[in-house]
Q: 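Below: one structure in structure tokens.
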Amino acid sequence: MLSPARKRLPAVLGGLLATAALAALTAPTAHAGTGAGPYVALGDSFAAGALVPNQSGGLCLRSDQNYGHLVAAALKSTAYTDVTCSAAKTKHLTEAQYGVYAPQLNALKADTSLVTLGIGGNDLGVSDLGVAELIATCVGGAVVNPLGTPCKDVYAHGHWAWQDWRFQWVYGEDDLRSRIAAAAPQLADGLRRIHAKSPNAKVLLVGYPSVVPANGANCIGRQPVTPGDVEYLHGVLGDLNAMLARTAAANGATYVDTATPTRGHDACSDTPWIEGLIPQSPAAPFHPNAAGERAMAGAVLKSLGK
């Protein structure tokens with residue numbers, strides 16, 4: 001005759017098996033949030049790889065060598081969707097661009113496991129040209145004021161004023177810093193929408209690389225921007241990246257630093273991964289070339305532990 005304990009054994013084992021089966025059915029798949037599953041790349045020209053061969057996407061200027069493509073290949077993603085688009089601003093996450101391209105967040109699905117987003121730079125410009133507007137202003141200013149800071153003077157409202165019993169050159173509110181601050185809540189809203197549409201996705205907010213050096217003297221004779229304006233723009237880009245990092249941390253995303261791994265390979269360096277006004281290898285002016293896109297891909301993969 002079986003003891004009471006032995007009589008209960010089949011029931012206990014059955015319960016354990018049922019629990020294990022239920023856990024297997026409800027547990028997330030191994031690729032969730034790692035990029036091995038469906039991966040969607042969002043962002044602007046730095047993410048798109050503007051003018052880096054081979055190009056597609058019409059006005060969006062997407063390269064098949066942009067960091068998104070490289071990351072997808074390294075992760076062996078089961079599906080890859082690239083909706084990055086040159087000149088995209090944060091508003092184009094939820095609004096159509098050029099009246100042709102759908103809002104970028106439309107590409108997200110419930111099963112998306114990885115999202116990379118690189119955006120915010122074009123919000124520095126008020127026109128549809130975005131960051132190209134800044135480039136034109138800084139280069140044009142250097143022609144008429146090669147020894148000064150014509151770009152900073154425009155955006156930070158430099159002017160003569162009577163202070164401390166003498167006329168001094170002073171600055172007012174910095175438009176570029178104000179635009180960075182204004183873009184933050186829009187970006188935060190975009191990140192919240194990404195989480196809502198793809199709740200199981202790992203979300204990476206990719207920062208901007210080192211476009212220009214901290215020392216403006218390094219650009220003398222190399223790029224048509226004054227040394228003072230190079231240092232001003234370096235500071236603006238640093239503030240933009242700092243805003244991206246804060247916004248990512250506050251909204252469940254991981255910030256990817258691409259400035260550090262590209263330092264020393266700016267547009268004024270001997271081995272540029274960021275092209276200058278007149279590119280020496282295929283890329284948009286003051287944008288990453290193929291080597292720059294590879295460096296950015298490496299930073300993304302490092303953040304994923306790859």
Q: Rounded to the nearest 0.5 Å, what separates atom CG in L93 from atom CD1 in I194?
A: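 Going from the CG atom of L93 to the CD1 atom of I194 covers 6.0 Å.
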Q: Hey, are the side chains of V211 and L237 touching, using non-hydrogen atoms and a 4.5 Å cut-off?
A: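 Yes, at least one pair of side-chain atoms sits under 4.5 Å.
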Q: Side chains of T116 and Y67: is there a donor and an acceptor less than 3.5 Å apart?
A: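 Side chains of T116 and Y67: no pair found under 3.5 Å.
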Q: Distance-only, no hydrogens or angles: does the E133 side chain make a donor-acceptor pair with backbone N or O of V126 under 3.5 Å?
A: yes
Q: Starting from V71, can I reach L205 by hopping between I/L/V/M/F/W/Y residues whose side chains sit under 4.5 Å apart?
A: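 Hydrophobic grouping puts L205 apart from V71.
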Q: Between the side chains of T254 and K202, does any donor sit under 3.5 Å from an acceptor?
A: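 Yes, side-chain donor-acceptor contact under 3.5 Å.
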Q: Is there a side-chain contact between W273 and M296 in this structure, where contact means two heavy atoms from C-beta onward sitting under 4.5 Å apart?
A: no
Q: Mind running side chain to side chain contact (heavy atoms under 4.5 Å, CB included) on V203 and L117 for me, showing each step along the way?
A: CA-CA 8 Å; V203 181; L117 170 62; 5.6 Å; no
Q: Would L187 end up clustered with V206 when hydrophobic side chains under 4.5 Å apart are linked, directly or stepwise?
A: no
Q: Looking only at side-chain N and O atoms, does Y232 offer a donor or acceptor that is under 3.5 Å from a partner on D153?
A: no
Q: What heavy-atom pair brings G57 and Y101 nearest, and what distance separates the two atoms?
A: O-OH, 3.2 Å
Q: Is it true that E293 and S63 share a donor-acceptor pair across their side chains at a distance under 3.5 Å?
A: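 Checked: S63/E293 side chains show no N/O donor-acceptor pair below 3.5 Å.
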Q: I'd like to know if the side chain of H287 reaches the main chain of F46, judged simply by a donor and an acceptor atom lying under 3.5 Å from each other, with no hydrogens or angles considered.
A: no
Q: Is the closest side-chain donor-acceptor distance between D229 and T149 under 3.5 Å?
A: no
Q: Are any non-hydrogen side-chain atoms of P150 and T226 less than 4.5 angstrom apart?
A: yes
Q: Roughly how far apart are R193 CZ and L108 CG, rounded to 0.5 Å?
A: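 It comes to 12.0 Å.
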Q: Salt bridge or not between D270 and R222? Use side-chain N to carboxylate O under 4.0 Å.
A: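 Result for this pair is yes, salt bridge flagged.
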Q: Looking only at non-hydrogen atoms, find the nearest pair between N66 and A47 and report the distance.
A: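 Nearest pair, atom of N66 first, then A47: CB-O, 3.2 Å.
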Q: Taking the side chain as every heavy atom from C-beta outward, state whether T78 and P38 have any pair of such atoms under 4.5 Å apart.
A: yes
Q: Specify the closest pair of heavy atoms between C85 and A48, including all atoms of both residues, with the distance to one decimal.
A: N-CB, 4.3 Å
Q: Would you compute the distance between atom CG of L114 and atom OG of S198 and round it to the nearest 0.5 angstrom?
A: 10.5 Å
Q: Check for me, please, whether V131 and V225 land in the same ILVMFWY cluster - side-chain distances under 4.5 Å, paths through other members count.
A: no
Q: To the nearest 0.5 Å, what is the distance between CG on N289 and NE2 on H265?
A: 10.5 Å
Q: Between the side chain of D123 and the main-chain N/O of T90, is any donor-acceptor distance below 3.5 Å?
A: yes
Q: Has N241 got a side-chain atom pairing as donor or acceptor with G207's backbone, closer than 3.5 angstrom?
A: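 No: the side chain of N241 does not pair with the backbone of G207.
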Q: Tell me if a side-chain donor or acceptor on S77 pairs with a main-chain N or O of A79 at a distance below 3.5 Å.
A: no
Q: Measure across N122 and K89 and return the closest heavy-atom pair with its distance rounded to 0.1 Å.
A: O-CE, 3.3 Å
Q: Side chain of Q223, backbone of L277: donor and acceptor closer than 3.5 Å?
A: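 Yes, Q223 side chain to L277 backbone: donor-acceptor pair under 3.5 Å.
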Q: For the pair Y80 and H69, evaluate ring-ring contact (aromatic ring centres under 6.0 Å, His included) and give the outcome as yes or no after the intermediate values.
A: CA-CA 8 Å; Y80 174 59; H69 275 83; 4.8 Å; yes
Q: Might you work through the side chain to side chain donor-acceptor pair (under 3.5 Å) test for Y208 and D257, ending with a clear yes or no?
A: CA-CA 8 Å; Y208 289 88; D257 171 22; over 6 Å; no
Q: Under the side chain to side chain contact (heavy atoms under 4.5 Å, CB included) criterion, do Y98 and H92 qualify, and how do the steps go?
A: CA-CA 10 Å; Y98 299 128; H92 294 122; over 6 Å; no
Q: A side-chain contact here means heavy atoms from C-beta on lying under 4.5 Å apart; do I119 and L244 qualify?
A: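 No; the side chains remain at least 4.5 Å from each other.
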Q: Kindly work out whether a path of hydrophobic side-chain contacts (I/L/V/M/F/W/Y, heavy atoms less than 4.5 Å apart) joins L191 to L204.
A: no
Q: State, with a plain yes or no, whether a side-chain heavy atom of L51 is found less than 4.5 Å away from one of L61.
A: yes
Q: Using only atom types and a distance under 3.5 Å, with no angle test, would you say the side chain of S210 pairs donor to acceptor with the backbone of A259?
A: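 It does hold such a pair.
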Q: Which atoms form the tightest heavy-atom contact between Q186 and A182, and what is the distance?
A: NE2-O, 3.5 Å
Q: Could you go step by step and tell me if V83 and L42 meet the side chain to side chain contact (heavy atoms under 4.5 Å, CB included) rule?
A: CA-CA 6 Å; V83 291; L42 313 171; 3.4 Å; yes
Q: Quick one: pull up CG in L124 and OG in S178 and give me the separation to the nearest 0.5 Å.
A: 11.0 Å
Q: Set out, in order, the CA-CA distance, both residues' side-chain angles and the distance that settles side chain to side chain donor-acceptor pair (under 3.5 Å) for H157 and D175, then state yes or no.
A: CA-CA 8 Å; H157 300 281; D175 290 340; 3.0 Å; yes
Q: Contact between S281 and E275 at the side-chain level, heavy atoms closer than 4.5 Å - yes or no?
A: yes
Q: For D128, does the CG atom have more than 12 heavy-atom neighbours from other residues, nucleotides or ligands under 6.0 Å away?
A: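 Not buried by this count: 12 neighbours or fewer within 6.0 Å.
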Q: Quick check: does any side chain N or O of Q97 sit under 3.5 Å from a backbone N or O of S86, one acting as donor and the other as acceptor?
A: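 Indeed, once roles are kept as given, a pair shorter than 3.5 Å links the two residues.
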Q: Using modelled atom types and a 3.5 Å cut-off, is there a donor and acceptor pairing between side-chain atoms of D82 and backbone atoms of R62?
A: no
Q: If you take all heavy atoms of P213 and V230, which pair is closest and at what distance?
A: O-CG1, 3.6 Å
Q: Could you tell me if the side chain of E231 sits less than 4.5 Å from the side chain of N215, heavy atoms only?
A: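 In contact.
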Q: Quick check: is V212 connected to I180 through a chain of hydrophobic side chains (ILVMFWY, heavy atoms under 4.5 Å apart)?
A: yes
Q: Whether the side chain of T112 engages the backbone of A201 through a donor-acceptor N/O pair (distance < 3.5 Å, no angle test) should be reported.
A: no
Q: Report the distance from atom CD of Q55 to atom CD of Q65, rounding to the nearest 0.5 Å.
A: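 Atom-to-atom, Q55:CD and Q65:CD are 11.0 Å apart.
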Q: Check step by step if side chain to side chain contact (heavy atoms under 4.5 Å, CB included) holds for L176 and L134.
A: CA-CA 10 Å; L176 298 187; L134 273 68; 3.9 Å; yes
